[in-house]
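Below is one structure, written out as structure tokens; comments come after it.
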Amino acid sequence: MYVVIMGGGRVGLTLASLLISDGHDVTLIESDESLCADAAVELDALVICGNGTDTKTLEEANIKDADVFVAATGNDEANLLSCILAREYHVPKIIARVSNPDHEDAFHKVGIQHVISPERTAAGYLEKLITRPKVADLIVLGHGDAEILDMTVKNHEVVGKKIGDISPTEEYIIIAIHTNSEIKIPQPDMILEENTKISVLVKMEAVQKVTNLFAG
């Protein structure tokens with residue numbers, strides 16, 4: 001996946017590092033020369049010292065090839081303008097950081113659906129939104145060795161199977177079934193139905209595999 005990030009501050013730099021460690025290609029755009037220099041040293045990525053509200057800078061970042069564009073500066077106006085410009089290049093997913101939650105409606109009105117407020121999130125959540133869009137919720141446990149994933153069963157390979165036939169394994173265990181606002185403890189003879197929401201405790205290295213297994 002190719003991700004273009006505008007903003008080399010704490011959020012943008014941390015997000016870029018997380019995505020690069022996950023094996024994704026990243027280009028970072030930052031207008032401050034000092035932050036650019038720091039990012040170029042820290043990141044194994046293309047760092048462009050320029051303004052993401054300028055089409056020439058976006059084109060230098062190959063915005064046309066981007067799968068995701070993230071406006072992560074602390075300036076809501078700049079983030080909004082850059083997102084509008086990114087839409088012109090038909091970037092499939094556009095995510096905006098909003099410093100003032102009162103500005104969220106402005107982003108939604110111009111068609112920017114993914115709006116993240118730092119008061120309610122962090123760079124780690126942005127990374128999950130990009131790399132694991134089928135996972136509705138996520139909690140990291142311990143020292144990052146395991147996660148609890150809430151997801152909706154979509155894969156027909158597991159639909160109709162007994163929970164006892166597919167869980168537990170050495171990589172994961174289904175720990176909850178959510179039906180009609182009620183949480184049920186999984187029993188071996190329960191049948192997994194399509195669109196059922198489940199919670200799964202999974203080892204970190206198997207997250208993508210397990211996500212694909214259930215969410216398809």
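Note that these values count all heavy atoms, side chains included, but never hydrogens, waters or copies made by symmetry. Note that this is a predicted model, so its numbers are computed, not measured. Along the sequence shown, residues are numbered consecutively beginning with 1.
Counting non-hydrogen atoms of neighbouring residues, nucleotides and ligands closer than 6.0 angstrom, the CD atom of E157 reaches no more than 12 such neighbours. Within 6.0 Å of the CG atom in D44, the count of heavy atoms belonging to other residues, nucleotides or ligands does not exceed 12. When the shell of 6.0 Å around CD of E205 is examined, it contains more than 12 heavy atoms from other residues, nucleotides or ligands.
Using a 3.5 Å distance cut-off with no hydrogens or angles, the side chains of H178 and T196 do not pair a donor with an acceptor.
Inter-residue side-chain proximity for M6 and E30 is flagged as unmet; no heavy-atom pair is nearer than 4.5 Å. Side-chain atoms of V159 and E193, non-hydrogen and from C-beta on, never get closer than 4.5 Å to each other. Side-chain atoms of D25 and M1, non-hydrogen and from C-beta on, never get closer than 4.5 Å to each other. You'll find the side chain of P188 stays beyond 4.5 Å of the side chain of K162, heavy atoms only.
When V70, I95, V98 are each tested for a side-chain contact (heavy atoms from CB on, under 4.5 Å) with I116, only one passes: I95. For the side-chain contact (heavy atoms from CB on, under 4.5 Å) test with I29, the passing option among I5, L58, N51 is L58; the others fail.
Between Y172 and F214, the ring centre distance stays below 6.0 Å.
Sorted by first then second residue, the side-chain hydrogen bond (donor to acceptor under 3.5 Å, both in side chains) pairs that include residues 79-91, not counting sequence neighbours, are E59-Y89, T73-N79. Pairs engaging residues 60-69 under the side-chain hydrogen bond (donor to acceptor under 3.5 Å, both in side chains) rule: none recorded [sequence neighbours left out].
Listed for the Q187 side chain is no donor-acceptor partner under 3.5 Å among the backbone atoms of D189. Although no hydrogens or angles enter the test, the distance criterion places no donor-acceptor pair under 3.5 Å between the side chain of S167 and the main chain of I163.
L85 CG to F69 CZ: the interatomic distance, rounded to the nearest 0.5 Å, is 8.0 Å. Between atom CD1 of residue I20 and atom CG of residue L28 there is a gap of 8.5 Å, rounded to the nearest 0.5 Å. Going from atom CG of L80 over to atom NZ of K109 covers 11.5 Å, rounded to the nearest 0.5 Å.
With sequence neighbours excluded, the residues satisfying side-chain contact (heavy atoms from CB on, under 4.5 Å) with K184 are I177, T179, E182, M190.
I148 and I173 end up in the same hydrophobic cluster when Ile, Leu, Val, Met, Phe, Trp and Tyr side chains are linked at under 4.5 Å.
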Using the rule given for side chain to side chain contact (heavy atoms under 4.5 Å, CB included), can you reason through V110 versus C83, listing the C-alpha separation, both sets of side-chain angles and the distance that settles it, and then say yes or no? CA-CA 9 Å; V110 298; C83 286; over 6 Å; no
Could you go through the side chain to side chain contact (heavy atoms under 4.5 Å, CB included) check for I166 and L213 one step at a time? CA-CA 10 Å; I166 57 176; L213 175 63; 5.9 Å; no
